[in-house]
Amino acid sequence: MVSYSPLFSSSPARWKQLVLSKRITIASVLLLFSLLALSEVFLERGISTRILSSLSFNAKSSDQSPLSCSNPFDPSSFPHHTPRPTYTRKANATFLTLARNSDLAGVIHSMKQVEGRFNRDRHYPWVFLNDEPFTEEFIRCTSAVTSAKTHYGQIPREQWVQPDFIDEEKATKARKALSKMRGVFYAESVSYRNMCRFYSGFFYKQPLLQDFKYYWRVEPDINYRCEIEYDPFLYMEDNDKAYGFTISVPEQKETTPTLWDTSMEFFNQNPQYLHPNNAMRFASKDGGKTWTRCTYWTNFEIGDLDFFRGSEGYTKYFEHLEAAGGFYYERWGDAPMHGIAISLLLDRDRIHHFDDIAYEHTGWEQCPNPVSPAYERGRCDCDYGNSMDVKWKRYSCQADFDAALAVPRIHAA
């Protein structure tokens with residue numbers, strides 16, 4: 001005979017269990033609201049939403065199917081309702097992904113997004129970089145996602161590991177001190193610092209990139225929420241653009257207390273490298289005295305490799321930062337470094353905001369305005385209200401970039 005316990009038992013033990021259950025429920029609700037409140041504090045590179053990723057990110061992913069290396073890309077996941085645009089030419093360009101072997105699932109997800117929204121008709125190649133050799137599984141799975149060529153390279157040790165001149169005792173103390181500050185992620189991570197240093201001064205020197213002019217950076221676990229109905233590489237080429245971004249955000253001040261002063265020290269000593277029509281207003285509202293902390297969110301960027309390779313100013317600037325040791329004594333990132341370098345070394349007319357590309361990473365996103373042609377043309381599945389410069393407007397640097405473009409140009413005599 002099957003017996004059923006009453007919903008509300010009158011026994012003392014059952015009553016204690018019910019009270020405990022209610023306490024746990026209330027505590028869970030309070031914890032959720034605390035996380036939501038704290039998320040507005042954690043601004044560094046969209047880290048705020050990583051705390052809530054288990055609640056929201058998986059629900060937004062376009063592909064939740066198990067990883068399969070035999071045929072991981074299903075074109076039907078990204079149906080196109082009108083004929084795809086055709087082009088008579090391609091740019092000399094590649095996608096660039098820095099990843100560990102353990103990032104395979106996230107890399108596959110990102111590749112599906114890029115291939116489905118854009119590249120399955122364009123066949124631009126992929127370059128994968130790692131500080132360790134890629135496994136056969138990683139190579140097999142990623143090459144199965146795309147019909148384009150895939151290239152795999154290992155980063156030289158000296159371009160990845162902490163330099164020998166860094167005082168390890170000083171660096172360790174600095175990391176521990178940073179870890180005690182509220183809301184600082186990767187505070188004690190040396191590998192994260194290695195990555196930031198690599199993307200600041202060495203990525204464009206990799207042999208696999210030497211034959212390409214443009215790169216499009218792709219991180220694991222990103223989403224594109226609209227079809228990309230044109231070729232961003234060709235846009236860069238045809239309009240003489242050297243750097244493109246989607247989202248701009250302020251850098252966390254605890255991670256870069258001396259970066260601006262160190263940067264101004266370099267540019268004050270080397271004013272010849274400042275472009276006369278730079279975007280200084282993006283980085284500073286007072287001509288360099290103080291820093292807006294604005295950065296281009298570098299997990300999406302499309303850039304001209306010839307600029308990085310050929311700019312003596314960029315090379316010397318990186319060498320200046322490298323000698324100061326701030327990548328390890330503090331936690332200087334590639335986003336603030338690129339933000340300062342791009343804004344001061346380039347003609348601002350060569351910097352482009354891709355406002356029509358719907359991009360999302362770790363919960364922060366850009367979605368085209370629904371009244372714009374880009375939204376309808378791209379058949380978007382994003383919410384404009386969740387865009388960085390709408391929902392999180394007070395944390396967005398878009399207004400600073402727009403102000404930089406509005407500064408009157410300096411015309412050569």
[X] side-chain N/O to [Y] backbone N/O, donor-acceptor pair under 3.5 Å:
X	Y	value
R117	Y224	yes
N119	R122	no
S372	P368	no
S311	F308	no
Q210	Y204	yes
S387	Y384	yes
T146	S143	no

Do you see a donor-acceptor pair shorter than 3.5 Å between the side chains of [X] and [Y]?
X	Y	result
Y199	N194	no
T256	Q252	no
Y328	E168	no
E301	H338	yes
Q366	H353	yes
R348	S343	no
T262	H320	no
S200	R197	no
T258	E330	yes
Y214	D306	no
E360	N223	yes
Y359	N299	yes
W126	E115	yes

For [Y], is there an ion pair with [X] - N to carboxylate O distance below 4.0 angstrom?
X	Y	value
E312	K316	no
E188	R331	no
R100	D103	yes
K241	D304	no
E229	R379	yes

With a cut-off of under 6.0 Å to the ring centre and 45° to the axis, is K170 in cation-pi contact with Y329?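 Judged by the rule, K170 and Y329 form a cation-pi pair.
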Check for me whether R217 meets the cation-pi criterion with F203, that is, NZ or CZ under 6.0 Å from the six-membered ring centre and within 45 degrees of the ring axis.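 No cation-pi geometry.
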About how many Å separate CD of E219 and CG of L98, when rounded to the nearest 0.5 Å?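 Those atoms lie 7.0 Å apart.
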Could you measure the distance from the CG atom of D400 to the CZ atom of R293? Nearest 0.5 Å is fine.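 Answer for the CG-CZ pair, D400 versus R293, is 13.5 Å.
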Ring geometry between Y235 and H352 (parallel below 30°, tilted from 30 to 60°, perpendicular above 60°):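 Rings of H352 and Y235: tilted, 30 to 60°.
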Measure up the F128 and Y152 rings against each other and bin them: parallel (under 30°), tilted (30 to 60°), perpendicular (over 60°).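 It falls in the parallel class, under 30°.
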Near-ring test Y296/Y243, centroid separation under 6.0 angstrom: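 Yes, they do, as the ring centres are separated by less than 6.0 Å.
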Given the side-chain rings of F233 and W216, with only the six-membered ring counted for Trp, is the space between their centroids under 6.0 Å?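 Between W216 and F233, which both carry aromatic rings, the centre distance is below 6.0 Å.
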Counting only heavy atoms not in N268, do more than 12 sit closer than 6.0 Å to its CG atom?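 Above 12, so yes.
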Over 12 non-hydrogen atoms of neighbours within 6.0 angstrom of CG in D211: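 No, the 6.0 Å shell around CG holds no more than 12 heavy atoms from other groups.
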Would you list the pairs meeting disulfide bond (SG atoms under 2.5 Å apart) in which at least one residue belongs to residues 275-368, sequence neighbours left out?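 As it turns out, the disulfide bond (SG atoms under 2.5 Å apart) pairs with a partner in residues 275-368, which skip direct neighbours, are C294-C397, C367-C382.
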Passing option when F267 is tested against Y273, W260, Y317 for ring-ring contact (aromatic ring centres under 6.0 Å, His included):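 That would be Y317; it is the only one of Y273, W260, Y317 passing the ring-ring contact (aromatic ring centres under 6.0 Å, His included) with F267.
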Could you go step by step and tell me if D389 and Y395 meet the side-chain hydrogen bond (donor to acceptor under 3.5 Å, both in side chains) rule? CA-CA 8 Å; D389 58 353; Y395 299 141; over 6 Å; no
Go through the steps for R157 and E132 under the test salt bridge (Lys or Arg N to Asp or Glu O under 4.0 Å), then give the verdict. CA-CA 9 Å; R157 186 177 187 278; E132 298 179 350; over 6 Å; no
Assess the residue pair F282 and W291 against the criterion (ring-ring contact (aromatic ring centres under 6.0 Å, His included)); give the C-alpha distance rounded to whole Å, side-chain angles, the decisive distance to 0.1 Å, and a yes or no. CA-CA 9 Å; F282 179 73; W291 184 25; over 10 Å; no
Minimum heavy-atom separation for Q206 and L129, please, with both atom names.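 In this case the closest contact between Q206 and L129 is CG-CD1, 3.7 Å.
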